[in-house]
Amino acid sequence: MQENNQENFKRELGLLDGTMLVVGSMIGSGIFIVSADIARQVGSAGWLTLIWLISGLITIIAAVSYGELSSMFPKAGGQYVYLKEAYNKLIAFLYGWSFFAVIQTGTIAAVGVAFSKFAAYLYEPLSDENILFELGDFKLNAAQIVSIVTIVLLTFINSRGVKNGKILQTVLTIIKILSLLGLIVFGLTIAAKASVWDTNWTDAWTPHSYDTENGSWLPISGKALITGISAAMVGSLFSSDAWVGVTFIAGEIKNPKRNVGLSLFLGTFIVTIIYVLTNLMYLAVIPMEEIATAKSDRVAVVAAQYIFGDIGTLVIAIMIMISTFACNNGLIMAGARVYYTMANDGLFFKEASILNEYSVPAWALWSQCIWASALCLTGKYGALLDFVIIIVLIFYILTIYGIFILRKKMPDAERPYKAFGYPFLPLLYIILASAISISLLVTKFSTCGWGILIMLIGIPIYYLTKPKE
C-alpha cells in the first residue's frame, strides 16, 4: 500500500524548489530578533559571531549527513522513515507523535504569531492588546485571529496541489533573500560607522553577560560562560532549524536521490552565510549595548532605523511578514507528508493516508491546521519553542546515529550519496548536539523537561493504538 500511494504523488519540484523550501523554512523571524538575547548572554562581537557560525556549521553537518539517508529512502516522510528503518516503529512513532503534538504545529503557531505581531506594526488594531472576546481566564485577541487566518489560508493553498505551494514558496523566498541581502549591503555601505565597529570589536573575545536590572556588563567565565553559550544557542539553533522539511516531500521531488541531499546542503549553506553577514552588519551599525537592549529584542528594527531612518520600521515589518509567511508555507507543505506516511503504517488516522484529486494529503493538511490554530489560542508559544528545541535535538542525534546503524544493518544497500566526512563529522554532530541537549536540560529543566515528557507520553499511546500485527 505504501509504495502504491507513494507513486500517486506528482514529482513537480526541482532542485531550485527544494533549495528554496529549505531556505524559506529556515528563515523565519529569528535572525531579526535572536541576536539581542545572544548579546545579553555572551556580550562580545567575537562570541556573538562565533555562536551564529557554530550553529550554522552544526546545521550544515547535520544536513549533509541526512543526504545519505535521503538518497537511500527517497520517499515521502523523510526523517520519520529514516528512524523507522534504522530503529523500529516505536521510535519513528515517538518522532511523529512529538512532531504533530508540538514540533511542527507549535512552530507553525509561533511563526503565525510572529507574522501577526509585525502586521500590527502596519495596522495597530491587529495587535495582541486588542482583546475581542473574554471568558473567564481565556482571552481572544486580534493577533491570534490574524495568525489563524494565515495558517488556514496557507493550508487551503497547499490543499489545491503542490504546484501552488511551490510557486508561492519559491517567489517569496527569493524576495526574502534579496531583501535580507539588501539590508546587509545598505547597512555595510550607508550606515556602517568605523567607530561603532572598532568599539564592538575591542575585547571581542572577552565574554560578558548583561545585567538588565542594573544596566551593566559583568565578565563571565567557566560555568557561567558554558551556561551563557548554551542559553544563547537555543535561539540561533532554532533560527537554523526546519531545514529537514525537504526530506518530508521527497515523494514530490524530481530525481530525489540527487536533489534532496543537494537541496539540504545548498539551503543550509546559503542561510548560514546570510545569518553571519547579517550579524556582521548589526555589529557595524549598532553599539553592542543597543543590540542587547533592543526594544522587544527587535535588533533588525534598530538597524533599519540607523540605515533608513523612521521608514526603516515599516521596511522591517514588511520583510518579516514576507519572511514568516514563506516560512509557514514551507512548514505547512512539508509537515502533512509525515502524517501521511505514518497513516500508511497504521500509526495515524487512516484518512491522512488519502491523497485528494490534486495528489496532496488534504486531510493531513487540515488536521495539522486545526491543531496549530488551537495552539495559537493557548498563548503559550514561547514555552512551546523551549519544549520543541530539546525534542528536535534528540531526534536529530538519533537520526544521525542511524547512519552508523544502517551501515551495519544494510551494508549492501544502494547509497548514491554518502555522508560527508563519515564517521568524523556525523560523530562530531552527535557529541556537540548531546552536549547542548544536556546543558539545556540542566539550565532550562522547567521547560525542556516538559518537552521530554510530551515525547514520552507517546509510548503508552503507541501501544494503545498500534494495529495488531
Side-chain angles (χ1 to χ4, degrees), residues 26-56 110-111 113-115 117-118 120-121 128 180 183-184 187 191-193 196-197 199-201 204 206-218 220 224-225 227-241 271 274-308 312-313 315-317 319-320 323-324 327 381-383 385-386 389 443-444 447:
M26 284 175 76
I27 304 175
S29 57
I31 186 59
F32 301 100
I33 49 182
V34 165
S35 296
D37 185 55
I38 298 176
R40 285 194 295 275
Q41 303 286 355
V42 292
S44 74
W47 281 100
L48 173 69
T49 310
L50 187 64
I51 280 171
W52 281 103
L53 199 55
I54 290 171
S55 299
V111 172
V113 169
F115 175 89
K117 271 185 185 167
F118 284 90
Y121 241 66
D128 54 5
L180 262 170
L183 193 66
I184 292 163
K193 290 190 180 76
V196 171
W197 178 264
T199 306
N200 281 342
W201 284 94
T206 308
H208 295 81
S209 74
Y210 189 76
D211 185 338
T212 43
E213 285 178 24
N214 303 325
S216 59
W217 294 98
L218 305 167
I220 51 170
L225 176 59
T227 305
I229 291 170
S230 58
M233 286 193 77
V234 172
S236 56
L237 281 171
F238 209 95
S239 305
S240 305
D241 196 34
V271 172
I274 288 173
Y275 281 2
V276 172
L277 286 175
T278 303
N279 279 280
L280 291 174
M281 181 272 289
Y282 291 157
L283 290 166
V285 173
I286 315 168
M288 182 59 74
E289 189 149 333
E290 282 188 50
I291 296 177
T293 57
K295 189 183 173 190
S296 303
D297 284 359
R298 292 192 279 248
V299 188
V301 171
V302 179
Q305 281 171 327
Y306 274 112
I307 299 165
F308 303 113
T313 318
V315 172
I316 287 295
M319 270 178 71
I320 294 180
S323 185
T324 48
C327 180
Y381 9 80
L385 294 195
D386 262 359
I389 197 70
T443 57
K444 289 193 162 199
T447 46

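The minimum heavy-atom distance between Glu290 and Ile286, with the atom names listed, is CB-CG2, 3.4 Å. The two residues Ser239 and Ile31 have their closest heavy-atom pair at OG-N, 4.2 Å. Across all their heavy atoms, Asn200 and Ala45 have their closest contact at O-CB, 3.2 Å. Heavy-atom minimum distance, Ile291 versus Ala39: CG2-CB, 3.7 Å. In terms of heavy-atom proximity, Ala191 sits nearest to Ile307 at CB-CG1, 3.7 Å. Considering all non-hydrogen atoms of both residues, Gly228 and Gln41 come closest at O-CB, 3.5 Å.
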| message | Evaluate Val34 against Trp52 for side-chain contact (heavy atoms from CB on, under 4.5 Å), listing each step before the verdict. | response | CA-CA 10 Å; Val34 165; Trp52 281 103; 3.8 Å; yes

| message | Let's go through Leu280 and Trp197 carefully: what are the C-alpha distance in whole Å and the side-chain angles of both, what is the deciding distance for side-chain contact (heavy atoms from CB on, under 4.5 Å) to 0.1 Å, and is it a yes or a no? | response | CA-CA 9 Å; Leu280 291 174; Trp197 178 264; 4.1 Å; yes

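Rounding to the nearest 0.5 angstrom, the gap separating the OG atom in Ser209 from the CD1 atom in Ile220 is 5.0 Å. For the atom pair CD (Glu289) and CH2 (Trp217), the distance works out to 6.5 Å, reported to the nearest 0.5 Å. Rounding to the nearest 0.5 Å gives a distance of 6.0 Å between NZ of Lys193 and OH of Tyr306. A distance of 4.0 Å separates CG of Leu183 from CE of Met281, quoted to the nearest 0.5 Å. To the nearest 0.5 Å, the span separating OG on Ser44 from CG on Leu283 amounts to 9.5 Å. Between atom CG of residue Leu48 and atom CD1 of residue Ile38 there is a gap of 6.0 Å, rounded to the nearest 0.5 Å.
A donor-acceptor distance shorter than 3.5 angstrom exists from the side chain of Ser323 to the backbone of Gly28, with no hydrogens or angles considered. Under a 3.5 Å cut-off, the side chain of Tyr282 and the backbone N or O of Met288 do not form any donor-acceptor pair. A donor-acceptor pair under 3.5 Å links the side-chain atoms of Thr278 to the main chain of Ile274, judged by distance alone. A donor-acceptor pair under 3.5 Å links the side-chain atoms of Asp211 to the main chain of Glu213, judged by distance alone.
Applying the ring-ring contact (aromatic ring centres under 6.0 Å, His included) rule to Phe115 yields the partners Phe325; only residues at least two apart in sequence or on another chain are considered. Asp241 meets the side-chain contact (heavy atoms from CB on, under 4.5 Å) test with Trp243, Val392, Tyr396; sequence neighbours excluded. Applying the side-chain contact (heavy atoms from CB on, under 4.5 Å) criterion to Thr206, with sequence neighbours excluded, gives Asp203, His208.
The closest side-chain donor-acceptor pair between Asn279 and Ser35 falls under 3.5 angstrom.
Looking at heavy atoms from C-beta onward, Met319 lies out of side-chain contact with Phe118 at the 4.5 angstrom threshold. You'll find the side chain of Leu218 stays beyond 4.5 Å of the side chain of Tyr210, heavy atoms only.
Between Asp297 and Arg40 there is a salt bridge, with a side-chain nitrogen of the basic residue lying less than 4.0 Å from a carboxylate oxygen of the acidic one.
Only one option out of Thr49, Ile27, Leu53 pairs with Tyr275 in a side-chain contact (heavy atoms from CB on, under 4.5 Å); it is Ile27.
For the pair Arg298 and Tyr121, the cation does not sit on the ring face, since its NZ or CZ is not both under 6.0 Å from the ring centre and inside 45° of the axis.
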